[in-house]
Amino acid sequence: TASMGVGNPYPASNYVCDGTRLAVRLMGESASVSVDGAAAVDLPAVGKSGTTFSNGRHTLVIEQGRMSWALGRAAPVACSGG
């Protein structure tokens, strides 16, 4: 395990989305996402379903255990891993 995760109550799950590597921490009201090892961005939950997280530029969608990732207005791409 990575040392940077020590003491963090929300472990990161790693996904690959069409070649993009994501490290995702789901924190209820928001999701913390690190893209290709960069500094994590905080994506607030959108709506009441708790399945979409977006800051307007990055969007994470979780439906029935499947994760999708979108940048800007691009169509979401499916992610594998977790």
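Note that the coordinates shown come from a computational prediction; the quantities given were computed from them, not determined experimentally.
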Check: W69 and V33 side chains under 4.5 Å, non-hydrogen atoms: yes

Beyond-backbone contact of N55 with P44, side-chain heavy atoms, under 4.5 angstrom: yes

Where F53 and E29 come nearest, the two heavy atoms and their spacing: CE2-C, 4.4 Å

Test item: T59 and T52 side chains (from C-beta on) under 4.5 Å apart, heavy atoms: yes

Test item: L60 and M67 side chains (from C-beta on) under 4.5 Å apart, heavy atoms: yes

Reported CZ-to-SG distance for the pair R66 and C79, which is rounded to 0.5 angstrom: 11.5 Å

Distance, nearest 0.5 Å, that separates CG of N14 from OG of S80: 11.0 Å

Check against side-chain contact (heavy atoms from CB on, under 4.5 Å), L71 and H58: CA-CA 5 Å; L71 282 176; H58 305 88; 3.1 Å; yes

Close side-chain approach of I62 to L26, heavy-atom, < 4.5 Å: yes

Flag for S30-D42: side-chain donor and acceptor within less than 3.5 Å: yes

Shortest non-hydrogen contact between D36 and G19, atoms and distance: OD1-O, 4.3 Å

Heavy-atom side-chain proximity of V24 to S32 below 4.5 angstrom: no

Co-membership, hydrophobic cluster, residues V35 and L43, 4.5 Å side-chain: yes

For the student: nearest non-hydrogen atoms of S68 and P76, plus distance: CB-CB, 3.8 Å

